[in-house]
Amino acid sequence: MEKRSKLELSGFRGKVLASVQLVPRGRVTTYGELARFLGCPKAARVIGQALKRNPRLERIPCHRVVRADGSLGGYVAGLERKKNLLIKEGVKIRGNKIVNFKKFLFQFGC
DNA sequence: TCATTGGCTATCA
DNA sequence: CTGATAGCCAATG
């Protein structure tokens, strides 16, 4: 085992954070897709934990991560904040869900 | 070991 | 279509 910097996080969290950073602006991903990409499709909940436990909120675009059905899910800084950011990126939102969500969905390995 | 969690799927109104 | 509800499952602390 190599020694890791303090900024490096343990397995799952680190993977999640790294993967989220791969999501370009104007696109969104889901916890489930992330989990599947990491190899644990059922670990979607842990993805959320990792995102909320991120080392730096500004560094991780957690606002680009939403639920599988397009609902915003949750956000440390408040759902309104997340909504606002997504709209700013060009995502249309109705209520607490994304319109044409699949259209903005970013898939890993594709 | 237990409790917690920013979820997922399925089902119903 | 939207929303509300019920089980499930896996990592973190």
Side-chain angles (χ1 to χ4, degrees):
Chain A
M1 303 209 350
E2 303 112 56
K3 53 182 177 178
R4 293 166 179 157
S5 307
K6 289 204 315 196
L7 298 179
E8 295 272 340
L9 299 167
S10 41
F12 232 102
R13 285 198 293 156
K15 289 178 186 175
V16 173
L17 299 174
S19 304
V20 169
Q21 290 175 76
L22 298 177
V23 180
R25 190 187 151 200
R27 294 272 186 269
V28 265
T29 187
T30 73
Y31 305 94
E33 289 295 312
L34 267 163
R36 194 181 300 187
F37 176 65
L38 297 178
C40 301
K42 291 177 180 174
R45 316 181 76 184
V46 195
I47 305 291
Q49 302 302 13
L51 287 175
K52 84 172 186 183
R53 296 189 161 204
N54 68 61
R56 251 166 97 98
L57 182 64
E58 332 148 345
R59 186 168 165 165
I60 313 290
C62 15
H63 62 272
R64 287 183 199 152
V65 188
V66 294
R67 285 223 206 169
D69 57 345
S71 56
L72 300 180
Y75 197 51
V76 155
L79 289 179
E80 310 250 335
R81 184 74 177 173
K82 188 170 186 175
K83 233 200 285 193
N84 191 357
L85 287 164
L86 288 172
I87 293 170
K88 206 164 154 192
E89 302 211 346
V91 182
K92 293 169 187 165
I93 300 181
R94 207 260 274 163
N96 274 5
K97 279 193 187 155
I98 300 179
V99 184
N100 302 328
F101 158 66
K102 275 189 175 173
K103 196 190 273 187
F104 300 99
L105 181 61
F106 171 79
Q107 297 173 91
F108 298 91
C110 184

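What you see is a predicted model, and the numbers here were worked out from it, not measured in a lab. The chains referred to below are lettered A, B, ... by the order of the sequence lines, with proteins before strands, and numbering in each begins at 1.
- The side chain of A:V46 has C:dT12 as its nearest neighbour among C:dT12, C:dG3, B:dG7.
- For B:dG7, one of the phosphate oxygens OP1 or OP2 lies less than 4.0 angstrom from a side-chain nitrogen or oxygen of A:R67.
- A:F101 places its CZ atom 13 Å from the P atom of C:dT2, with the value rounded to the nearest Å.
- Of the candidate nucleotides C:dC1, B:dC8, C:dT12, C:dC1 has the atom lying nearest to any side-chain atom of A:R94.
- No donor-acceptor pair closer than 3.5 Å links the side chain of A:R64 to the backbone N or O of A:G26.
- Comparing atom distances between the A:A68 side chain and each of C:dC8, B:dT9, C:dG3 picks out B:dT9 as nearest.
- A heavy-atom distance below 4.5 Å is not found between the side chains of A:V28 and A:V65.
- With rounding to the nearest 0.5 angstrom, the CZ atom of A:R67 is 12.0 Å from the CD1 atom of A:I98.
- Separating the CZ atom of A:R45 from the P atom of C:dG7 is a distance of 14 Å, rounded to the nearest angstrom.
- Following rounding to the nearest Å, A:L72 (CG) and B:dC8 (P) show an atom-to-atom distance of 12 Å.
- Rounded to an integer number of Å, the gap from A:N54 CG to C:dA11 C1' is 16 Å.
- A straight line from CG of A:L38 to P of B:dG7 spans 16 Å, rounded to a whole angstrom.
- Nucleotide C:dT12 holds its C1' atom 13 Å from the CD1 atom of A:I47, rounded to whole Å.
- Note: the hydrophobic cluster containing A:L17 also contains A:F12 (ILVMFWY, side chain heavy atoms under 4.5 Å, direct or indirect links).
- Once rounded to the nearest 0.5 Å, the distance linking CZ of A:F108 with OG of A:S19 reads 5.5 Å.
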Dot-bracket assigned to DNA chain C with the 3.5 Å Watson-Crick/G-U criterion, [ ] for crossing and | for other-strand pairs, is .|||||||.||||
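- Residue contacts for A:V66: at a heavy-atom cut-off of 4.0 Å it reaches no nucleic acid atom on any strand shown.
- The distance from atom CG of A:D69 to atom C1' of B:dA10 is 12 Å, rounded to the nearest whole Å.
- Counting only heavy atoms from C-beta outward, the side chains of A:K82 and A:V66 approach each other to under 4.5 Å.
- Among the nucleotides C:dA10, B:dT9, C:dT12, the one closest to the side chain of A:R13 is C:dT12.
- Residue A:R53 places none of its side-chain N or O atoms closer than 4.0 Å to OP1 or OP2 of B:dT4.
- In the set C:dG3, C:dA10, B:dC8, C:dA10 carries the atom at the smallest distance from any side-chain atom of A:K42.
- Side-chain contact between A:Y31 and A:L51 is present, with heavy atoms from C-beta onward closer than 4.5 Å.
- At whole-Å resolution of the value, CZ in A:R36 and C1' in B:dC8 are 11 Å apart.
- Looking at heavy-atom distances under 4.0 Å, A:F12 makes contact with sugar-phosphate atoms alone, never a base.
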